[in-house]
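Chain naming here is simple, since letters A, B, ... match the order of the sequence lines and numbering starts at 1 in each.
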2 protein chains.
Amino acid sequence: MTNMTSHIHCQNCSMAALCLPYQLDQEGMARLDTIIQRHKPIQKRDILVHAGAPLKFLYAVRSGSLKSYTIDDNGVEQIIDFHLPGDVIGFDGLSENEHRSYTQALETSMLCEIPITALDELAEQMPGLRRQLWRLMSGEIFTSKQLLGTLNNRTAQQRVAHFLVTLAERFKERGLSSRSYRLTMTRADIGNYLGLSVETISRILSNLQQEGVIEVQNKLVEIIEPLRLREMAQ
Amino acid sequence: MTNMTSHIHCQNCSMAALCLPYQLDQEGMARLDTIIQRHKPIQKRDILVHAGAPLKFLYAVRSGSLKSYTIDDNGVEQIIDFHLPGDVIGFDGLSENEHRSYTQALETSMLCEIPITALDELAEQMPGLRRQLWRLMSGEIFTSKQLLGTLNNRTAQQRVAHFLVTLAERFKERGLSSRSYRLTMTRADIGNYLGLSVETISRILSNLQQEGVIEVQNKLVEIIEPLRLREMAQ
DNA sequence: AGGATTTCCTGATAGAGATCAAAACTAAAG
DNA sequence: CTTTAGTTTTGATCTCTATCAGGAAATCCT
């Protein structure tokens, strides 16, 4: 074994249900597993993919978290996504065969590397895999369009509440606590993503704490009143 | 012939290059054509699909234009997309097998109806079709994420300029004039989509006209200085 | 550990765009 | 052709959040 993580397979991966193997049987998982490489862990601030680089692989997050962002004409970063375990990175690049955004680790993270051409061949033979690819892409289309609605016509407090609720839901899907979690991104990242200034994020987190809806201690968030928070998000 | 439009086929459709048949050969187009139904024209204000309805078909726009929107908990409409000829409607629903948004005609429009199950079977056999489906979905992911960046951290004028430029580009792709076109949506629709009030849209269109960048007369837009407009969009 | 750097918080001010209000215009319907 | 409903425009005011500024806390690095 050249790789200390080579004992990890789709068949025993806890994220399988969210990831590509969803609904595949044991044999299907085994076949998918053969084309997937376990990527060495990447460290905080490391960049996984650069915008413009040829798209050879999709990446599935095994552990940790990352952010994707573009850089506009003025050199300003615009965060478009935060990735958690089970998420697949790179779908936005399929149409042009190159990555359309940068993806950077927010903490030490483990990834699976999925060669596109092999995946295409496999999808031809496996209807379940094909359907799951459609599901994942479709879900990404839906969530990003829903986010549009969230950002438009909503106050700063509603946006932040929505962000916290959505994160909680995502952690729950992954078998983690939806009541308390750690933010791996900075306040500036959250602000950038939601179209708000750092100061506004900080103020609103403080307000939500004063109102007893959440507890915040640095990166740690505890949701005290989930229902009220959900109401605030509308 | 029971249908006055039954002589229209993918093989002679002017939108084929933007739509599903992209890169298919004559035989491929013919096969795709057999599963596609020509839908009867729908009138302005008619609703093509309701959010929550089971997703049996995708729709390709042949002519006309439509808007897609969700309705939030407060009953407020949130427009998430405008569809032009060649666009495929319904990808956001694949993940849950039901439509996630309402789609309404902005003017009399012609549509092609594509049964999902038949499309899946065809995609299994035709790598080119499969790849085009991926392209279209991937493109939709990219553009909606890019729009996020456009709405965040941008002024009202930049948003409107971006909207006008993007529309011009889309018309150009479709072989229409990118210099002058007709807006089929209301100012209120544009505002809703861009997260701005009707009044702001109206004021900014007036300003752009005063500055000589565009001419607006009711629904008709003429772009006088494309480069300056593009600059304004950043 | 100790200094350096980044991140976070809080206050004060200003400005972009929402909202309120009303009139002018356009399109649809009788 | 007249009426009516919907859309667009313009003006005045107000509010939310960006920006500027300073300091506190946390984290990184040697």
Legend entry - Integer-rounded Å distance: D:dT17 C1' and A:Arg203 CZ: 8 Å
Inset, instruction - Drop me the distance from A:His83's NE2 to A:Ser65's OG, to the nearest 0.5 angstrom. - result: 10.0 Å
Inset, instruction - Measure from the side chain of A:Leu196, starting at C-beta and using heavy atoms only, and say which of C:dT10, D:dA12, D:dA18 lies closest. - result: D:dA18
Legend entry - Spacing between A:Asn218 atom CG and D:dC28 atom P, to the nearest angstrom: 12 Å
Inset, instruction - May I ask you to decide if the ring planes of B:Tyr69 and B:Tyr102 are parallel, tilted or perpendicular, using 30° and 60° as cut-offs? - result: parallel
Legend entry - Interatomic distance, A:Ile201 CD1 vs D:dT17 P [rounded to whole Å]: 11 Å
Inset, instruction - Looking at every strand, decide which applies to A:Thr186 at a 4.0 Å heavy-atom threshold: base, sugar-phosphate, or nothing. - result: sugar-phosphate
Inset, instruction - Indicate whether OP1 or OP2 belonging to D:dT10 is found under 4.0 Å from a side-chain N or O atom of B:Ser206. - result: yes
Legend entry - Distance-only donor-acceptor test (3.5 Å): side chain B:Arg187, base D:dT10: no
Legend entry - Integer-rounded Å distance: C:dA27 C1' and B:Lys44 NZ: 8 Å
Inset, instruction - Mark yes or no for a side-chain to base donor-acceptor pair under 3.5 Å between A:Glu199 and D:dC20, with no hydrogen or angle criteria applied. - result: yes
Inset, instruction - Measure the distance from CZ on A:Arg182 to P on D:dA26 and round it to the nearest whole Å. - result: 16 Å
Legend entry - d(CG, A:Asn153; C1', D:dC16) in whole Å: 14 Å
Legend entry - B:Asn207 CG to D:dT10 C1', straight-line distance once rounded to whole Å: 11 Å
Inset, instruction - Using a heavy-atom cut-off of under 4.0 Å over every strand shown, decide if B:Ser202 touches base, sugar-phosphate, or nothing. - result: base
Inset, instruction - Could you check whether B:Gly191 gets within reach of a base, just the sugar-phosphate, or nothing at all, counting any heavy atom under 4.0 Å? - result: nothing
Legend entry - Chi angles and distances behind the salt bridge (charged side-chain N to carboxylate O under 4.0 Å, His left out) call for B:Arg182, B:Glu107: CA-CA 12 Å; B:Arg182 198 173 57 86; B:Glu107 60 188 319; 2.9 Å; yes
Inset, instruction - Could you check which of C:dA12, D:dC28, C:dA28 has an atom nearest any side-chain atom of A:Arg45? - result: D:dC28
Inset, instruction - Could you give me the CA-CA distance, side-chain angles and deciding distance for A:Glu77 and A:Lys67, then say whether salt bridge (charged side-chain N to carboxylate O under 4.0 Å, His left out) is met? - result: CA-CA 11 Å; A:Glu77 176 178 320; A:Lys67 67 173 174 179; 2.9 Å; yes
Legend entry - Distance below 4.0 Å between B:Lys219 side-chain N/O and C:dT26 OP1 or OP2: no
Legend entry - Test applied, side chain to side chain contact (heavy atoms under 4.5 Å, CB included); reference residue, B:Ile42; option that passes from B:Lys44, B:Arg45, B:His39: B:His39
Legend entry - Separation of C:dG17 P from B:Asn152 CG (nearest whole Å): 14 Å
Legend entry - A:Thr200 vs D:dA18: side-chain N/O to OP1/OP2 distance below 4.0 Å: yes
